[in-house]
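Along the sequence shown, residues are numbered consecutively beginning with 1.
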Amino acid sequence: MRDANEVQSWLFPVEPYEEESLSHFLGRFRRRNYLSPSALGDLAGIGGVVARWERFHLNPFPTDEQFQALAEVVGVDSISLRAMLPAKGTGMKCEPIRLCGACYGEVPCHRRSWQYKSVWKCDRHNLKLISKCPNCGAKFKIPALWEYGCCYRCRLLFAAIAEYQKSV
Ligand SMILES: [Zn+2]
Ligand SMILES: [Zn+2]
């Protein structure tokens with residue numbers, strides 16, 4: 001592993017959003033710094049796990065040491081980084097990727113709770129979460145790839161999806 005301070009000095013920091021999922025944050029950080037998942041894993045000395053975490057493949061669950069190493073490279077404290085994933089034991093779904101368009105319109109990020117098994121609606125807006133594009137039916141890509149904030153196929157803006165969500 002390279003010296004973390006040395007690595008950080010040439011990386012652009014990215015400020016996490018509140019409740020942002022790890023996948024979404026890592027995607028933003030990597031694009032800002034032109035890094036592939038494996039390049040980020042190499043910098044942190046944690047190998048090939050980044051791509052798996054971006055897909056919410058969390059078995060085996062990341063260790064404290066891995067979080068610490070990654071946190072030093074991305075310039076976020078390890079507690080905040082850890083908070084981008086659910087508490088250990090909280091069931092999480094890798095797919096489908098879900099979202100609340102109304103939330104996205106307020107803060108453009110994928111919230112970690114949208115992938116919790118127990119969650120099917122947005123408590124903030126009382127809207128049912130959407131699990132595929134309501135316009136063209138395409139599944140959403142993993143949040144790490146949400147560069148443009150819209151459906152990759154038909155370009156429907158995620159914020160505009162609020163109009164299609166059923167209220168509960
Ligand atoms: Zn919402
Ligand atoms: Zn679409």
Side-chain angles (χ1 to χ4, degrees), residues 14-31 37 40-41 44 46 48-71 74 76-154 156-168:
V14 169
E15 193 66 33
Y17 292 117
E18 213 167 308
E19 296 178 44
E20 184 171 17
S21 69
L22 184 66
S23 174
H24 194 266
F25 173 78
L26 291 178
R28 290 199 301 127
F29 181 84
R30 289 196 298 94
R31 281 192 296 279
L40 177 56
I46 56 176
V49 292
V50 172
R52 299 186 49 235
W53 295 354
E54 289 187 358
R55 290 189 178 81
F56 299 109
H57 290 176
L58 302 170
N59 197 7
F61 201 80
T63 64
D64 291 346
E65 290 74 22
Q66 287 173 318
F67 272 121
Q68 189 66 49
L70 187 59
V74 300
V76 170
D77 68 271
S78 64
I79 309 276
S80 305
L81 198 67
R82 174 65 186 80
M84 294 178 196
L85 289 175
K88 219 168 172 173
T90 300
M92 211 173 189
K93 286 181 172 190
C94 314
E95 56 180 10
I97 297 298
R98 300 184 294 186
L99 69 88
C100 170
C103 281
Y104 193 90
E106 290 170 7
V107 179
C109 78
H110 177 264
R111 317 293 202 271
R112 60 174 187 261
S113 60
W114 293 343
Q115 298 311 123
Y116 290 7
K117 275 183 187 155
S118 58
V119 172
W120 58 276
K121 68 181 175 78
C122 168
D123 289 331
R124 185 175 164 77
H125 298 104
N126 287 314
L127 295 171
K128 199 171 171 230
L129 296 181
I130 291 267
S131 56
K132 63 182 181 196
C133 174
N135 185 49
C136 76
K139 281 186 184 174
F140 301 121
K141 291 199 168 186
I142 57 167
L145 303 175
W146 287 11
E147 186 170 5
Y148 303 109
C150 64
C151 170
Y152 74 93
R153 195 154 81 183
C154 74
L156 178 69
L157 291 172
F158 290 158
I161 284 175
E163 293 170 30
Y164 297 84
Q165 287 172 268
K166 290 198 185 90
S167 38
V168 289

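When every heavy atom of T90 is checked against every heavy atom of P86, the shortest pair comes out as CB-CB, 3.6 Å. Minimum interatomic distance between V76 and V14 (heavy atoms only, all atoms of both residues): CG2-O, 4.3 Å. When every heavy atom of S131 is checked against every heavy atom of R98, the shortest pair comes out as CB-CG, 3.8 Å. Closest non-hydrogen pair, R30 versus P37, comes out as NH1-CD, 3.5 Å. Closest non-hydrogen pair, L85 versus P62, comes out as CD1-CG, 4.1 Å. Smallest separation of non-hydrogen atoms from I97 and P143: CD1-CD, 3.7 Å.
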Going through the distances and angles, do C100 and H125 end up as a side chain to side chain contact (heavy atoms under 4.5 Å, CB included)?
CA-CA 8 Å; C100 170; H125 298 104; 3.7 Å; yes

Does the pair K117 and K93 meet the rule for a side chain to side chain contact (heavy atoms under 4.5 Å, CB included), with working shown?
CA-CA 6 Å; K117 275 183 187 155; K93 286 181 172 190; 3.7 Å; yes

Decide side chain to side chain contact (heavy atoms under 4.5 Å, CB included) for L156 and I161; before the verdict, give the C-alpha distance in whole Å, the side-chain angles of both, and the deciding distance to 0.1 Å.
CA-CA 8 Å; L156 178 69; I161 284 175; 3.7 Å; yes

Check the pair M92 / L58 against side chain to side chain contact (heavy atoms under 4.5 Å, CB included), numbers first and verdict last.
CA-CA 9 Å; M92 211 173 189; L58 302 170; 3.9 Å; yes

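Heavy atoms from other residues, nucleotides or ligands lying under 6.0 Å from OH of Y148 number 12 at most. Dense packing is recorded around NZ of K121, with more than 12 heavy atoms of other residues, nucleotides or ligands lying under 6.0 Å away.
Classification of the W146-W114 ring pair by plane angle, with boundaries at 30° and 60°, yields tilted.
Distance check: F67 CZ to I79 CD1 gives 10.5 Å after rounding to the nearest 0.5 Å. Here the CZ-SG distance, from R55 to C94, works out to 10.5 Å after rounding to the nearest 0.5 Å. The OG atom of S78 sits 12.5 Å away from atom CD of Q66, with the distance rounded to the nearest 0.5 Å. Separating the CG atom in L26 from the CZ atom in R31 is a distance of 10.5 Å, to the nearest 0.5 Å. From C103, atom SG reaches atom CG of D123 across 9.5 Å, with rounding to the nearest 0.5 Å. Within the model, atoms OG of S23 and NZ of K141 stand 12.5 Å from one another, a figure rounded to the nearest 0.5 Å.
When each of R111, R112, H110 is paired with S21, the side chain to side chain donor-acceptor pair (under 3.5 Å) condition holds for H110 and for no other. When F140, F158, Y17 are each tested for a ring-ring contact (aromatic ring centres under 6.0 Å, His included) with Y104, only one passes: F158. Residue I142 is tested with E54, E95, H24 for a side chain to side chain contact (heavy atoms under 4.5 Å, CB included); the sole match is E54.
Side-chain atoms of R82 never come within 3.5 Å of backbone atoms of D64 as a donor-acceptor pair (strictly under, hydrogens ignored). Judged by distance alone, with hydrogens and angles left aside, the side-chain atoms of R52 form a donor-acceptor pair with the main-chain N or O of N59 at under 3.5 Å.
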